[in-house]
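Data first, discussion second: the structure below is written as structure tokens.
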Number of protein chains: 2
Amino acid sequence: MTDKIKVVLVDDQCLCRQGLSELLSNCYGFDVLGATGSIDELRTLLDQKPDLLIVDLRMKPLDGISLLEQLRSEGYLTPAVMLTMSDSEIDLGNAIRAGVRGYLLKDMAPDEVVDAIRRVAAGELVVAPTMTVKMIEMLRGDQPEQGPKDSFKLLTEREREILQLLSRGESNKAIALTLHISYDTVKQHVRHILNKLNLSSRVKAAVLFTKEQGMSNNEEPLTRN
Amino acid sequence: MTDKIKVVLVDDQCLCRQGLSELLSNCYGFDVLGATGSIDELRTLLDQKPDLLIVDLRMKPLDGISLLEQLRSEGYLTPAVMLTMSDSEIDLGNAIRAGVRGYLLKDMAPDEVVDAIRRVAAGELVVAPTMTVKMIEMLRGDQPEQGPKDSFKLLTEREREILQLLSRGESNKAIALTLHISYDTVKQHVRHILNKLNLSSRVKAAVLFTKEQGMSNNEEPLTRN
DNA sequence: AGCTTATTTACCCGTTTGGGTTATGCTTTA
DNA sequence: TAAAGCATAACCCAAACGGGTAAATAAGCT
């Protein structure tokens with residue numbers, strides 16, 4: 001008989017943490033070393049050499065993927081499963097590229113989750129059934145995905161216009177003045193941009209856009225203020 | 001006898017605006033069409049076809065240079081004088097590149113200012129005496145300036161490290177976690193970065209850095225959250 | 001005539017930023 | 001030894017931002 005599977009849960013939402021912790025603790029074969037939303041606490045838990053990390057994707061201030069990348073860069077290579085609410089293929093892609101061994105959805109049935117985790121621990125690579133469809137679409141090149149360039153096509157003309165100003169470092173208020181529209185409208189556009197590009201801050205949007213734009217146009221320097 | 005010089009003052013600080021307005025109004029040969037800190041009001045003033053704009057550099061939300069660029073792009077080519085507190089050679093450089101006909105300092109003696117404005121209106125290109133030194137230094141290549149690449153040399157190693165994370169879209173809190181230092185320390189570093197690069201927002205810093213970095217390293221995609 | 005999408009505006013709320021200031025160790029340089 | 005620079009940290013405050021929600025108008029498609 002194999003040893004119990006030692007898992008550590010990382011989620012900044014206390015409820016999910018506790019829920020899954022309960023669930024796994026009551027299942028045969030699991031040893032929940034700890035459940036935390038704090039990186040520092042996570043580090044101490046890692047000393048107990050878990051077999052598997054179960055990580056939430058959307059966390060503040062550091063999302064699951066960045067967290068994993070950081071741990072990897074520090075030498076912690078413990079396999080990880082992403083457990084998240086997001087059914088976005090973009091998130092899935094990012095997670096896979098970050099090397100997770102599983103991508104599970106929080107709305108899966110409890111036993112499905114447990115089963116999936118068990119399979120990952122056994123070495124399988126498990127993706128939530130709902131997501132496999134999206135994976136196939138991605139691979140089939142339905143939307144070649146990958147290239148963020150394509151993401152920009154999702155934006156409307158106006159949104160691209162705003163993204164451009166945003167990428168020049170202009171504040172929402174400044175953009176409003178420039179385009180002669182209200183501050184609230186700009187905010188709304190920015191919200192849409194962030195949603196469509198699946199980003200969470202204007203800085204990321206600006207950087208992404210800048211990279212894609214290429215340094216083709218190096219005209220005006222960024223000005224103070 | 002020539003007509004009076006029709007000037008429009010643009011400054012978001014009411015005091016300076018009024019002060020200069022008073023000053024010029026009491027001088028022979030000036031016709032102050034208006035003094036405003038609002039862009040909309042400025043537009044209506046422009047209908048009176050001023051001969052000269054006197055613009056402050058540091059204004060919120062749109063700085064003087066951006067403002068000028070915007071006006072230029074709309075077809076208003078009225079000559080402009082920059083009147084500012086900043087004795088930074090970087091600001092001077094930006095202003096000159098933006099095509100201002102004069103760069104004056106707010107701490108110049110009143111009659112000097114008036115005189116300088118008169119000369120600009122007459123077609124001269126006037127730079128505050130204090131600043132000419134800096135101009136010469138710039139030209140002499142003391143710091144070849146220009147290339148923002150050089151600006152980064154002003155940053156310490158730590159600051160560059162933080163700028164890099166900042167340019168990945170990480171929040172101050174996330175950077176703090178990543179580097180295992182306090183949130184306040186990160187803020188302090190960011191402040192220094194913005195000061196040294198003469199920028200006013202992390203977005204500008206991120207974009208600048210991204211452009212300089214070149215898209216050489218396209219590894220990790222920006223992740224949600 | 002309905003339906004969808006794009007654009008616009010507004011309000012509320014909590015978090016993040018930017019700026020000012022102060023201060024303590026540590027290293028390097030004058 | 002003194003001065004200067006760096007990394008660290010803390011506190012305060014006002015402004016900006018991100019997210020949720022709602023809604024009005026216009027244009028286009030079915």
Side-chain angles (χ1 to χ4, degrees), chain A residues 12-13 37 58-63 85-86 152-163 165-207 222-225, chain B residues 12-13 58-63 85-86 88 152-163 165-207 222-225:
Chain A
D12 60 348
Q13 288 168 24
R58 307 268 168 112
M59 288 189 296
K60 302 205 136 177
L62 211 55
D63 64 289
M85 276 172 26
S86 166
F152 293 120
K153 290 186 193 146
L154 292 176
L155 302 184
T156 66
E157 239 182 85
R158 196 54 155 173
E159 284 161 357
R160 266 190 297 276
E161 198 176 355
I162 277 162
L163 177 55
L165 293 171
L166 188 161
S167 298
R168 298 207 51 71
E170 290 200 23
S171 68
N172 289 338
K173 202 182 286 187
I175 295 173
L177 282 171
T178 301
L179 299 181
H180 310 305
I181 57 180
S182 98
Y183 172 64
D184 287 303
T185 304
V186 176
K187 284 182 64 179
Q188 185 69 308
H189 284 308
V190 172
R191 263 191 292 274
H192 286 155
I193 292 170
L194 294 183
N195 278 332
K196 291 187 181 178
L197 300 184
N198 201 243
L199 300 171
S200 62
S201 86
R202 59 175 41 234
V203 181
K204 290 186 181 181
V207 169
L222 298 166
T223 55
R224 162 88 199 174
N225 206 334
Chain B
D12 60 347
Q13 288 168 23
R58 307 267 169 114
M59 289 189 295
K60 305 204 127 172
L62 212 57
D63 64 290
M85 277 171 26
S86 166
S88 152
F152 293 120
K153 291 186 191 143
L154 293 175
L155 302 184
T156 66
E157 241 182 83
R158 196 54 156 171
E159 284 160 356
R160 267 191 297 275
E161 199 176 355
I162 277 160
L163 177 54
L165 292 172
L166 188 161
S167 298
R168 300 206 52 71
E170 291 199 23
S171 68
N172 289 338
K173 203 181 286 186
I175 295 174
L177 282 171
T178 301
L179 299 181
H180 310 303
I181 58 180
S182 98
Y183 172 65
D184 287 304
T185 304
V186 175
K187 285 182 61 178
Q188 186 69 304
H189 284 307
V190 171
R191 262 191 292 275
H192 286 154
I193 292 170
L194 294 182
N195 277 332
K196 289 187 181 177
L197 300 184
N198 200 245
L199 300 171
S200 61
S201 85
R202 60 175 39 233
V203 180
K204 290 184 182 180
V207 170
L222 297 166
T223 56
R224 161 89 198 175
N225 205 340

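Because the structure is predicted, anything quoted here is derived from the model rather than measured. Letters go in sequence order (proteins before strands), and every chain restarts at 1.
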**OP:** Rounded off to whole Å, could you give me the CZ-to-P distance for the A/R160 and C/dA6 pair?
**Re:** 11 Å
**OP:** Send over the distance from A/M85 CE to D/dG19 P, rounded to a whole Å.
**Re:** 13 Å
Check nucleotides 12-15 of chain C for protein N or O atoms closer than 3.5 Å to its own N or O atoms and list the pairs.
none

Original post:
What is the distance from CG of A/N172 to C1' of D/dG19, rounded to the nearest Å?
Top reply: 13 Å
Original post:
Is it true that a side-chain atom of A/R202 and a backbone atom of A/L166 form a donor plus acceptor pair closer than 3.5 Å?
Top reply: no
Detail all sub-3.5 Å separations between protein N/O atoms and N/O atoms belonging to nucleotides 5-7 of chain D.
{"residue": "D/dA7", "atom": "OP1", "partner": "B/T156", "partner atom": "OG1", "Å": "3.3"}
{"residue": "D/dA7", "atom": "OP1", "partner": "B/R158", "partner atom": "N", "Å": "3.4"}
{"residue": "D/dA7", "atom": "OP2", "partner": "B/T156", "partner atom": "OG1", "Å": "2.6"}

Subject >> Residue pair B/L163 / B/H189, side-chain heavy-atom distance below 4.5 Å >> reply: no
Original post:
Between atom CG in B/L194 and atom C1' in C/dG19, what is the gap in whole Å?
Top reply: 10 Å
Original post:
Looking at side-chain heavy atoms only, is the closest gap between A/L179 and A/T185 below 4.5 Å?
Top reply: no
**OP:** Could you tell me whether a side-chain N or O of A/N172 sits under 3.5 Å from a main-chain N or O of A/V186, the two making a donor and an acceptor?
**Re:** no
Original post:
Just how far, in rounded Å, is P of D/dA15 from OH of A/Y183?
Top reply: 12 Å
**OP:** Could you pull out all residues at least two apart from B/K196 that satisfy salt bridge (Lys or Arg N to Asp or Glu O under 4.0 Å)?
**Re:** B/E159
**OP:** Quick one: do A/L197 and A/F152 satisfy side chain to side chain contact (heavy atoms under 4.5 Å, CB included)? Show the steps, please.
**Re:** CA-CA 7 Å; A/L197 300 184; A/F152 293 120; 3.8 Å; yes
Subject >> Whole angstrom value for the distance that separates P of C/dT5 from CG of A/N195 >> reply: 15 Å
Subject >> Nucleotide D/dC17, atom P - distance to NZ of B/K204 in whole Å >> reply: 11 Å
Subject >> Which residues share a side-chain hydrogen bond (donor to acceptor under 3.5 Å, both in side chains) with B/S201, sequence neighbours left out >> reply: none
Original post:
Rounded to whole angstrom units, what separation is found between the CD atom of A/E170 and the P atom of C/dG18?
Top reply: 16 Å
**OP:** Return the set of residues passing salt bridge (Lys or Arg N to Asp or Glu O under 4.0 Å) with A/R158 (not counting sequence neighbours), or none when no residue passes.
**Re:** A/E161
Please enumerate all protein N or O atoms sitting under 3.5 Å from an N or O of nucleotides 22-30 of chain C, with distances to 0.1 Å.
{"residue": "C/dT22", "atom": "O4", "partner": "B/Q188", "partner atom": "NE2", "Å": "3.1"}

